[in-house]
Protein chains: 2
Amino acid sequence: MLQTKPQGLARKAARSTVSRVPAVVVRSVAATEQKTAAGAKPHNPPSSYGVFRLSYDTQNEDKSLTRNWKKTIKVAVTGASGNIANHLLFMLASGEVYGKDQPIHLQLLGSERSKEALEGVAMELEDSLYPLLREVSIGIDPYEIFDGADWALMIGAKPRGPGMERADLLNQNGEIFQLQGRALNEAADPNCKVLVVGNPCNTNALIAMENAPNLKRKNFHALTRLDENRAKCQLAMKAGKFYTSVSRMAIWGNHSTTQVPDFINARIGGVPATDLIGDMKWFREEFTPKVALRGGALIKKWGRSSAASTAVSVADAIRSLVVPTAPGDCFSTGVISDGNPYGIREGLIFSFPCRSKGDGDYEIIQDFLVDEYLRSKLRATEDELQKEKECVSHLIGMMGGSCQLRGAEDTTVPGEN
Amino acid sequence: MLQTKPQGLARKAARSTVSRVPAVVVRSVAATEQKTAAGAKPHNPPSSYGVFRLSYDTQNEDKSLTRNWKKTIKVAVTGASGNIANHLLFMLASGEVYGKDQPIHLQLLGSERSKEALEGVAMELEDSLYPLLREVSIGIDPYEIFDGADWALMIGAKPRGPGMERADLLNQNGEIFQLQGRALNEAADPNCKVLVVGNPCNTNALIAMENAPNLKRKNFHALTRLDENRAKCQLAMKAGKFYTSVSRMAIWGNHSTTQVPDFINARIGGVPATDLIGDMKWFREEFTPKVALRGGALIKKWGRSSAASTAVSVADAIRSLVVPTAPGDCFSTGVISDGNPYGIREGLIFSFPCRSKGDGDYEIIQDFLVDEYLRSKLRATEDELQKEKECVSHLIGMMGGSCQLRGAEDTTVPGEN
């Protein structure tokens with residue numbers, strides 16, 4: 001399973017070309033090169049770590065273990081030595097997320113600085129003896145790590161430095177997602193599902209998507225599931241009901257403080273949450289801040305950010321795409337707004353209530369009620385996403401955008417970057 | 001579910017009495033008081049946190065969710081705001097450990113210093129919406145937190161300060177386990193299973209056991225499962241086979257560098273590991289240090305200790321008691337040596353190869369081959385455990401012990417406290 005790794009000339013060429021041409025040309029340049037690549041395979045798959053070089057042991061393994069397993073999927077994870085990944089990787093490897101019959105190849109991306117830590121993560125995965133974890137590869141080259149990826153979980157992002165505002169963060173992380181989008185475009189499976197966790201996640205997902213034209217636009221997601229989970233919990237507490245009785249809890253728009261946790265369509269024990277709770281003042285004035293500021297409240301108690309529950313929400317977000325949605329329920333995910341039934345401007349990564357047949361695909365639910373109040377909130381988060389898009393226009397080949405977010409109110413969810 | 005909490009006079013009396021009488025009397029004093037307690041209930045169950053006050057929502061929950069569930073179990077966890085617990089609690093809550101039909105009440109013990117962090121943990125558990133997690137209680141009083149516990153996972157222990165040797169650590173943590181043993185004795189279910197992770201875990205488990213005569217001696221465990229998992233991985237790598245093909249990998253003795261990873265009885269693909277690998281020099285000189293020093297190697301790479309894989313091994317250790325052992329296989333756990341078939345001195349917590357019917361109980365496997373080489377290794381780890389026991393004689397009501405470990409070689413597993 002170890003392979004020698006000649007430096008692929010074609011890939012080198014692709015990278016240096018891409019960085020010099022105006023971004024607007026990227027899509028077609030990259031697309032052409034991918035066609036060449038499909039024949040020439042200019043990128044190399046990463047080599048496996050340690051014991052994972054031996055992952056299929058047909059002579060020695062009990063066949064009853066592996067007989068009914070599906071084909072192994074490749075799951076690439078960026079920011080793999082960070083705190084969120086340190087929870088998530090073990091959830092993925094356990095079979096809890098993709099299923100107990102789904103063997104997994106984890107492909108872990110770190111940085112030059114975190115190379116040794118990545119090895120530490122791989123060693124802990126070795127020592128955990130997960131039967132379904134058949135391969136682990138580690139590396140710092142996204143072209144290698146995204147090789148053949150069926151899923152790309154993009155957790156890595158640079159935290160904000162002192163004095164940086166959200167506009168700076170958009171730019172700094174946007175560059176990372178531009179590079180990684182190009183790598184996905186060249187290396188990943190064309191049907192790859194991409195879930196962006198690193199902030200600002202909606203616009204990062206947009207940048208990755210626009211730089212990866214070989215992948216389906218529909219398959220790019222930005223994580224708003226933690227917001228949904230937090231909203232369900234807050235509704236449950238206010239109603240005096242347990243959280244398992246809350247359904248149809250949608251988050252609309254951006255993963256920022258302009259997000260819209262939708263109490264209009266939410267149900268508790270099948271009854272509209274607004275009927276059960278009644279207190280519209282609470283819904284309008286307290287509910288949304290409680291959800292959006294939860295991460296900040298938590299960091300005050302805990303002294304560190306909520307890595308574990310973020311990882312749980314990533315696992316939930318994946319499961320929502322590989323397990324059919326319960327009838328009448330929904331899940332929230334930030335996806336491309338093209339052709340959406342709610343009049344949101346096209347070309348944004350916007351969180352909608354969705355449902356899935358469990359095949360990795362999804363559809364935006366059509367029949368959520370949008371009243372005047374909700375409509376005004378949707379407009380505000382839509383406007384913000386449009387402005388974020390214009391701030392990164394140079395990274396997505398868009399003409400004429402100018403960044404109006406400089407000096408704007410900081411809408412980053414507290415407790416995050 | 002919220003209860004008022006009058007300070008139980010009987011409990012206060014019990015504690016102050018216990019601390020003044022000689023340790024040797026503890027067992028009978030505590031036993032008497034427990035009898036009183038059974039009638040008077042001097043300790044109060046902890047109150048539930050946040051949304052978990054609403055854990056059974058019979059009016060609003062879909063009955064298909066809860067219909068086939070077992071009775072809720074109470075799982076107490078100490079060191080609950082630490083790194084190992086931060087992984088373990090989410091594994092427990094997910095249903096991965098006790099089963100998908102086993103609702104759980106987590107009872108989390110922290111310290112005065114970590115009170116706020118405990119709240120943070122509880123908030124993250126709320127936000128994770130685990131259906132099986134029906135209650136979470138947090139607190140700093142072990143008498144409250146161990147109330148009715150079916151399981152006590154004792155992770156908390158003080159790390160070694162600068163210049164402290166293992167003898168000091170034994171004493172410092174021994175006092176914690178003496179107190180917690182007494183609390184278990186008074187508050188926990190008499191059938192409670194206790195798993196000690198905090199180091200030095202074998203002797204800590206012994207101290208807790210000797211201070212909790214109302215609980216079954218057999219139900220105290222010290223964690224050697226991480227060592228077993230690491231040993232399986234090292235055997236797999238050396239043999240060039242995947243880790244799933246390794247079975248009967250026992251760890252004997254103390255969780256310290258005197259531990260004995262047993263390559264004599266281990267099998268790979270059903271074949272004796274020694275036949276397959278052949279290289280006895282490697283087994284005798286390299287295998288054991290590779291296992292015992294793995295934590296240190298990992299901390300060098302990773303910059304922090306191996307919390308995730310430790311949590312996985314705790315989950316494995318629990319599962320080994322609640323799921324039947326595969327025919328012919330074993331698992332390792334440190335348990336009381338009374339009546340063991342290998343001639344190990346009685347009254348020690350010693351790791352043996354065990355098997356279980358999955359009912360929470362276990363038996364020491366009788367037929368492992370102990371050759372002369374293995375025998376000499378067992379003696380060494382047995383001697384160490386006896387010396388550790390003598391160092392804590394004042395904590396377990398043993399007469400005449402004197403601590404011979406002062407100035408001895410440090411056998412603490414690197415990367416741990």
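Bear in mind the structure is a predicted one, so any value in this text is a computation, not a measurement. We name chains A, B, ... by the order of the sequence lines, and we start the count at 1 in each one.
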So which residue, A/Glu126, A/Glu119, A/Arg230, A/Gln234, ends up with the most heavy-atom pairs under 4.5 Å with chain B?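 Highest number of heavy-atom pairs under 4.5 Å: A/Glu126.
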
Identify which of A/Gly240, A/Ser114, A/Ala311, A/Gly270 forms the greatest number of heavy-atom pairs closer than 4.5 Å to chain B.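 So the answer, after comparing A/Gly240, A/Ser114, A/Ala311, A/Gly270, is A/Gly240.
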
Close side-chain approach of B/Arg134 and A/Thr244, heavy atoms under 4.5 Å: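 In contact.
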
For chain A, which of B/Leu129, B/Val246, B/Val51 has the most heavy-atom pairs under 4.5 Å?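 Highest number of pairs under 4.5 Å: B/Leu129.
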
Contact leader toward chain A among B/Lys232, B/Met237, B/Glu61, B/His87, where contacts are heavy-atom pairs under 4.5 Å: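 If we count pairs closer than 4.5 Å to chain A, B/His87 comes out on top.
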
Contacting region of [X] [heavy-atom separation from chain A under 4.5 Å]:
X        : answer
B/Lys100 : side chain
B/Asp62  : neither
B/Ser313 : neither
B/Ser81  : both
B/Ala307 : backbone
B/Lys115 : neither

Pick one of side chain, backbone, both or neither for A/Ile299, based on which atoms fall under 4.5 Å of a heavy atom in chain B.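 Answer is neither: A/Ile299 stays 4.5 Å or more from chain B.
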
For A/Trp69, enumerate each residue passing the ring-ring contact (aromatic ring centres under 6.0 Å, His included) test, keeping only those at least two apart in sequence or located in another chain.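 Scan of A/Trp69 (ring-ring contact (aromatic ring centres under 6.0 Å, His included), adjacent residues dropped) gives none.
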
Any donor-acceptor pair under 3.5 Å linking the side chain of A/Tyr243 with the backbone of B/Phe52?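 No; judged by distance alone, with no hydrogens or angles, the pair does not exist.
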
Those residues that, when tested against B/Lys63, pass salt bridge (Lys or Arg N to Asp or Glu O under 4.0 Å) (two or more places apart):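 So B/Lys63 forms no salt bridge (Lys or Arg N to Asp or Glu O under 4.0 Å) with any residue.
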
Using every non-hydrogen atom in the two residues, find where [X] and [Y] come nearest and quote the distance to one decimal.
X        : Y        : result
A/Lys241 : B/Leu54  : O-CD1, 3.5 Å
B/Phe90  : A/Ser309 : CE2-N, 4.5 Å
B/Gly120 : A/Trp302 : CA-CB, 4.2 Å
B/Asp127 : A/Arg294 : OD2-NE, 2.9 Å
A/Phe242 : B/Leu133 : CZ-O, 3.2 Å

Hey, could you give me the SG/CD distance between A/Cys233 and B/Glu124, rounded to the nearest 0.5 Å?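 Here the interatomic distance stands at 12.0 Å.
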
Value rounded to 0.5 Å, distance of CD in B/Glu96 from CD in A/Glu96: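 Output value for this atom pair is 3.5 Å.
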
